[in-house]
Amino acid sequence: MLKSFGESLRSAFRKIANAPFIDRDLIKEVTRDIQRALISGDVNVKLVLEVSKQIEKRSLEEKPLPGMSNREHVLKILHEELARILGTGRELAVKKQTIMMVGLYGQGKTTTCGKLAKYFQKKGMKVALIAADVHRPAAYNQLKQIAEGINAPVYGGGKKAEKVVDEGLKKFSKYDIIIIDTAGRHALEDDLIKEMKKLAKISRPAEKILVVDASVGQQAGTQAKAFNDAIGITGVILTKMDGTAKGGGALSAVAETGAPILCIGTGERMDDLEKFDATRFLSRLLGMGDLQTLIEKAEEAAKGKEKSIEKTAQKMLSGKFTLLDMYEQMELLSGMGPFQKLADLLPVGGKLKDEDVHETQKKLKRFRTLMDSMTKKELENPSIIKASRVKRIARGAGAEARDVKELLRHYNMSKKMMKSLSNRKMQKKLLKQLGMQ
Ligand SMILES: Nc1nc2c(ncn2[C@@H]2O[C@H](COP(=O)(O)OP(=O)(O)O)[C@@H](O)[C@H]2O)c(=O)[nH]1
Ligand SMILES: [Mg+2]
C-alpha cells in the first residue's frame with residue numbers, strides 16, 4: 001500500500017513540477033548554480049549578485065508560461081536578464097567617419113584596426129589608417145605590415161601622437177573611413193588617459209571603440225570604466241574569442257559602460273571578425289554543459305522534495321510523529337500549493353489559502369527558532385517538556401513561555417490527528433481524498 005501511495009505522490013509531484021508554482025528552495029539552488037557558472041565565466045562578482053537577485057525575485061513572482069516547467073522558467077529568466085545587460089549588440093554604420101581604437105597592451109587593437117579596415121573595404125569604403133602608438137617603434141611597423149596586407153594607406157612614424165593624428169587626418173581627408181590605432185599600457189596610467197583625451201579632442205571620432213581580450217575577465221569592467229570616464233566609449237570589440245575564454249569580462253564591460261558589443265575577433269587573420277550574436281555568446285558563457293548540469297541539478301532537487309513528501313506520508317500512516325515531523329509537514333504544506341488535498345486532512349494546515357500559507361510560513365519561522373533551542377530528546381519526545389524546560393526553551397529562543405506552549409499545543413493537535421489517521425478507516429479516507437482508491 002505504501003509503495004503505491006509513494007508512486008501516486010511521485011506522479012503528483014511531476015504535476016507540481018509543471019504547476020504554476022515555484023518552490024523557493026529550488027530557485028535558491030538554481031540561482032546558486034547560475035552564480036557559479038557566471039563566476040567561472042569571469043563575470044564580475046558584483047554583477048553576478050545583482051543578476052542572481054533579479055532572477056530569484058522574478059522566478060518567485062512570475063508564473064511560468066503554459067507548458068513550461070519551473071526549471072525552464074528559471075532558465076528563461078536567466079537568459080532574459082543576461083541579455084538585458086548584454087544587449088543585442090550594434091553594427092557599425094557604413095558611412096564616412098573617424099574611428100579611434102583604445103585599450104590596454106596586447107588586447108588586439110592594432111590587429112583589429114586591420115580587420116575593421118578590411119570589413120569597410122568590403123563594403124566599398126575607402127579606408128586609411130593612422131598609427132598613433134608612438135611609444136614603441138615596432139607598433140608603427142606592425143600596423144604598416146597589416147595595412148600592406150589589405151592594401152590600405154597608413155600614416156605614422158612621428159614622435160608625438162597628437163601631431164601624427166593631426167597630420168594623418170589632413171593627409172587622409174578624402175578617405176571615407178580613418179581608423180586611428182592608439183598606444184596601450186600595461187595598466188591604466190594617468191598619462192595614457194591624458195593622451196586618449198587629447199587624441200579624441202583632435203580627431204573627434206564618431207566611434208571610440210574599446211578593444212578587450214576575451215580572457216581579461218573581471219578586470220574588463222574596471223578598464224572599461226576608466227576609458228569610458230575619460231573619452232566615452234561608443235562600442236566594445238571582444239577579441240580572441242577563438243580561445244578558451246568564455247568572455248564574461250565583456251558582460252562586465254558592457255554593464256559598466258552601457259556601450260554595445262560591435263563585433264568579435266575570432267583569430268589572427270584579417271578576416272577573423274564576426275558579427276556579435278548575443279544568444280550564442282550567452283550559451284558559450286554559461287556553457288551548454290553548465291546549462292545541462294543546471295537542469296539535472298534542478299531535477300535532483302525536485303526528487304529530494306518528492307522523497308520528503310513520501311517520507312512524511314509514510315510517517316502519517318505509521319502513527320510515529322515527532323516535532324520534527326510536524327515541522328517538516330508544515331513546511332511541505334506551506335510550500336506546496338497543489339497539495340491542498342493532503343492539506344485538507346492535516347490539522348496543521350487545513351485548507352491552505354494564500355493568506356494561510358503566509359501565516360503558516362510565519363508560524364514556521366517562529367517554531368523553527370523555538371525548536372533550535374530544544375534538545376534532540378525533546379524534539380523526538382515532546383511529552384517530556386514540562387514547565388522548567390518550557391522556560392529554558394523560551395529563554396534560549398528569545399521568546400515567551402506561551403510561544404513554546406503554542407508550539408506544543410500545535411504538536412499535540414497534529415499528533416492526535418496523525419494517530420486517528422493510523423486507523424484503517426482514516427487511511428481509506430485519506431487515500432480516497434488523494435484520489436488513490
Ligand atoms: N587568436 C587571436 N589572436 C588575436 C586576436 N586579435 C589579436 N590577436 C593577437 O593578439 C596579439 C596582440 O594583438 P595586437 O593587435 O598587437 O594588440 P594591441 O597591443 O592591443 O595592439 C597579437 O599576437 C595578435 O595576433 C584574435 O581575435 N584571436
Ligand atoms: Mg598595438
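Whatever order the structure lists ligands and atoms in, that order sets their numbers, starting from 1. In this text, all values refer to a predicted model and were calculated from it rather than measured experimentally.
Any N or O atom pair closer than 3.5 Å counts here, and D272 shares no such pair with ligand 1. Taking only nitrogen or oxygen atoms, main chain and side chain alike, Y105 does not reach within less than 3.5 Å of ligand 1. Residue-to-ligand polar distances place T111 within reach of ligand 1: an N/O pair is separated by less than 3.5 Å.
At least one heavy atom of D242 sits less than 4.0 Å from an atom of ligand 1. Using a 4.0 Å cutoff on heavy atoms, K115 counts as a contact of ligand 1. At least one heavy atom of L104 sits less than 4.0 Å from an atom of ligand 1. The shell of residues lying under 4.0 angstrom from ligand 1, judged by heavy atoms, excludes G243.
Here the protein heavy atom with the shortest distance to atom 8 (N) of ligand 1 is K240 CE, 3.7 Å. Ranking protein heavy atoms by distance to atom 19 (O) of ligand 1, first place goes to G106 N, 2.6 Å. In terms of protein heavy-atom proximity, atom 3 (N) of ligand 1 is nearest to E268 CG, 3.3 Å. With respect to atom 17 (O) of ligand 1, the closest heavy atom belonging to the protein is G108 N, 2.9 Å.
The proximity of Q142 to ligand 1, defined as any non-hydrogen pair under 4.0 Å, is limited to the side chain. The backbone of T266, and not its side chain, has at least one atom closer than 4.0 Å to an atom of ligand 1 (non-hydrogen atoms only; backbone = N, CA, C, O).
Other residues, nucleotides and ligands place more than 12 heavy atoms under 6.0 Å from the CD atom of Q97. Around atom CD of E50, more than 12 heavy atoms belonging to other residues, nucleotides or ligands sit under 6.0 Å away. Annotation: K122, atom NZ; neighbour count of heavy atoms from other residues, nucleotides and ligands within 6.0 Å is above 12. In this structure, D191 places its CG atom where more than 12 heavy-atom neighbours from other residues, nucleotides or ligands lie under 6.0 Å away. Counting non-hydrogen atoms of other residues, nucleotides and ligands closer than 6.0 Å to NZ of K96 gives a total above 12.
In summary, E167 and K171 do not engage in a salt bridge, as defined by a charged side-chain N under 4.0 Å from a carboxylate O. Using a cutoff of 4.0 Å between basic side-chain nitrogens and carboxylate oxygens, K118 and D271 are scored as salt-bridged.
Taking all heavy atoms of A183, G265, A139, G267 into account, the minimum distance to atom 26 (C) of ligand 1 is reached by G267.
Between F276 and the options I237, I261, T88, a side chain to side chain contact (heavy atoms under 4.5 Å, CB included) holds for only I261.
Atom CE in M100 sits 11.0 Å away from atom NZ in K109 (nearest 0.5 Å).
Across all their heavy atoms, F227 and L210 have their closest contact at CD1-CD1, 3.5 Å.
Heavy-atom contacts of Q107 reach the following atoms of ligand 1: 17 (O), 18 (P), 20 (O) (cutoff under 4.0 Å).
Put simply, T111 stays out of reach of the Mg ion (ligand 2), with no N, O or S atom under 2.8 Å from it.
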